[in-house]
Number of protein chains: 2
Amino acid sequence: MPKTFNFIEKLREVGLRPTKQRVNMCEVLFNREKTFHFTINDLVKMISEKMNQKISLATVYNTVHALEKKGYLKEISIDSHKSYFDTNTSVHHHFFDEDTNELIDCDENDIEPVNIKKNITGKKINSVEVLIKVASDNQNQKKFK
Amino acid sequence: MPKTFNFIEKLREVGLRPTKQRVNMCEVLFNREKTFHFTINDLVKMISEKMNQKISLATVYNTVHALEKKGYLKEISIDSHKSYFDTNTSVHHHFFDEDTNELIDCDENDIEPVNIKKNITGKKINSVEVLIKVASDNQNQKKFK
DNA sequence: TCAACAGTTTAGAATTGTTATAATGTAGTT
DNA sequence: AACTACATTATAACAATTCTAAACTGTTGA
């Protein structure tokens, strides 16, 4: 049975027509063992390669946002120039490797739960996320680039 | 004694010429009780008002980046469309109020230290920062905008 | 003091990332 | 097959940021 079947159903479930572009996008995004972190540009390239054919930037933006709104993707922001999406949509934490610009999910056991002792009055907490920036020990020249 | 004196010295210390624009910028940034969170556009407006005269966007970008490189400002990223700078350059945590788009420093006592049990092999941790997104309790319609 | 130089400011152009538009194409329904 | 609503596309528009080159200014040292 072709694996694309799953994604056709999945897309229908969330009210998106399973077009060739979207099925290919889903395969790139979700047909993998580990969670996947990507930028829009990464994704455009990967889908175009997979399809052996150009996919429009606009299509990728539209569909990524549609999947995000439906809860299948989540945006992660590292700094103003690096916006990533994550196929792991649960609230979870990240390492960011400053040498390689790579984002890595924290395993649930890597960090103890964050204990917030005092919240802003009248507000409820929607999410708590930790970002751990790492680099190799001899990488201090980054600061003087 | 004019308070600007401090900033002239401060600028000299970090190797920046104390021009009129920079001294005014420093007064807007650092002449306050509490730490200050701002966007570049906020800052351009505030400096122009203070000086009663236009300041060039490029100047503000240049000097903000210079101060950042020297360790007097720090960039905080909330999501791809909201980049803030912070006059509090220590490693510290934030609340982000999704109702007002306001960034608020956590008091050191508001959060217990984050306990990282496992790091990436061969890397050292440069920073650990927590972002707590909050909203008023009846604000769930945001999700369906 | 003032000339010379290096650093700075400026407006506007260029670039980058993202969103909007409108014409063409396609999936799903009948 | 034909109709309709939704999708895709290239391109335009837009916003944020960086670059550029000319004019300007703080600093140094004769």
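Note on naming: letters A, B, ... go to the chains in the order of the sequence lines (proteins, then strands), and numbering restarts at 1 for each one.
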**Student:** Which is it for Val64(A) and Leu43(A) under the side-chain contact (heavy atoms from CB on, under 4.5 Å) test, yes or no, and what are the steps along the way?
**Tutor:** CA-CA 10 Å; Val64(A) 162; Leu43(A) 191 54; 3.6 Å; yes

**Student:** Considering only heavy atoms, which members of residues 44-62 of chain A lie under 4.0 Å from some atom of DNA chain D?
**Tutor:**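 Heavy-atom contacts with DNA chain D come from Lys54(A), Ile55(A), Ser56(A), Ala58(A), Thr59(A).
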
**Student:** Would Lys10(B) and Phe30(B) count as a cation-pi pair here, with the cationic atom under 6.0 angstrom from the ring centre and within 45° of the axis?
**Tutor:**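 Cation-pi check for Lys10(B) and Phe30(B): passes.
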
**Student:** May I ask you to decide whether Asp105(B) forms a salt bridge with Lys34(B), counting only side-chain N to carboxylate O separations under 4.0 Å?
**Tutor:**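 Salt bridge between Asp105(B) and Lys34(B), a charged N being under 4.0 Å from a carboxylate O: no.
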
**Student:** Where do N or O atoms of nucleotides 25-30 of chain C meet protein N or O atoms at under 3.5 Å, pair by pair?
**Tutor:**
| residue | atom | partner | partner atom | Å |
| --- | --- | --- | --- | --- |
| dG28(C) | OP1 | Arg12(A) | NH1 | 2.5 |

**Student:** Passes side-chain hydrogen bond (donor to acceptor under 3.5 Å, both in side chains), Ser90(B) versus Asn88(B)? Steps please.
**Tutor:** CA-CA 6 Å; Ser90(B) 67; Asn88(B) 179 353; 2.7 Å; yes

**Student:** Taking only Lys NZ, Arg NE, NH1 and NH2, and the carboxylate oxygens of Asp or Glu, determine whether Lys74(B) and Glu129(B) approach each other closer than 4.0 Å.
**Tutor:**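 Glu129(B) and Lys74(B): salt-bridged.
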
**Student:** Determine whether more than 12 heavy atoms belonging to other residues, nucleotides or ligands lie under 6.0 Å from atom NZ of Lys118(A).
**Tutor:**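 It does not: Lys118(A) NZ has 12 such atoms or fewer within range.
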
**Student:** Whole angstroms only, please: what is the CD-P distance between Glu75(A) and dG17(C)?
**Tutor:**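 Atom-to-atom, Glu75(A) to dG17(C), this comes out as 14 Å.
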
**Student:** Give me the ring orientation class for Phe38(A) and Phe85(A): parallel if the planes are under 30° apart, tilted from 30 to 60°, perpendicular past 60°.
**Tutor:**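 Answer is parallel, since the angle falls under 30°.
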
**Student:** What are the bounds, 5' to 3', of the part of DNA chain D that sits under 4.0 Å from heavy atoms of chain A?
**Tutor:**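 Terminal contacting nucleotides, 5' to 3': dA5(D) to dT18(D).
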
**Student:** Is the shortest side-chain N/O distance from His65(A) to OP1 or OP2 of dT19(C) below 4.0 Å?
**Tutor:**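 Answer yes for this pair, as a side-chain N or O of His65(A) is under 4.0 Å from OP1 or OP2.
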
**Student:** Would you find a donor on one side and an acceptor on the other, under 3.5 Å apart, between the side chain of Ser77(A) and the backbone of Ser77(B)?
**Tutor:**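 A pair under 3.5 Å: no.
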
**Student:** Distance check needed: dT18(C) C1' versus Tyr84(A) OH, whole Å only.
**Tutor:**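 Taking OH of Tyr84(A) and C1' of dT18(C), I get 17 Å after rounding.
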
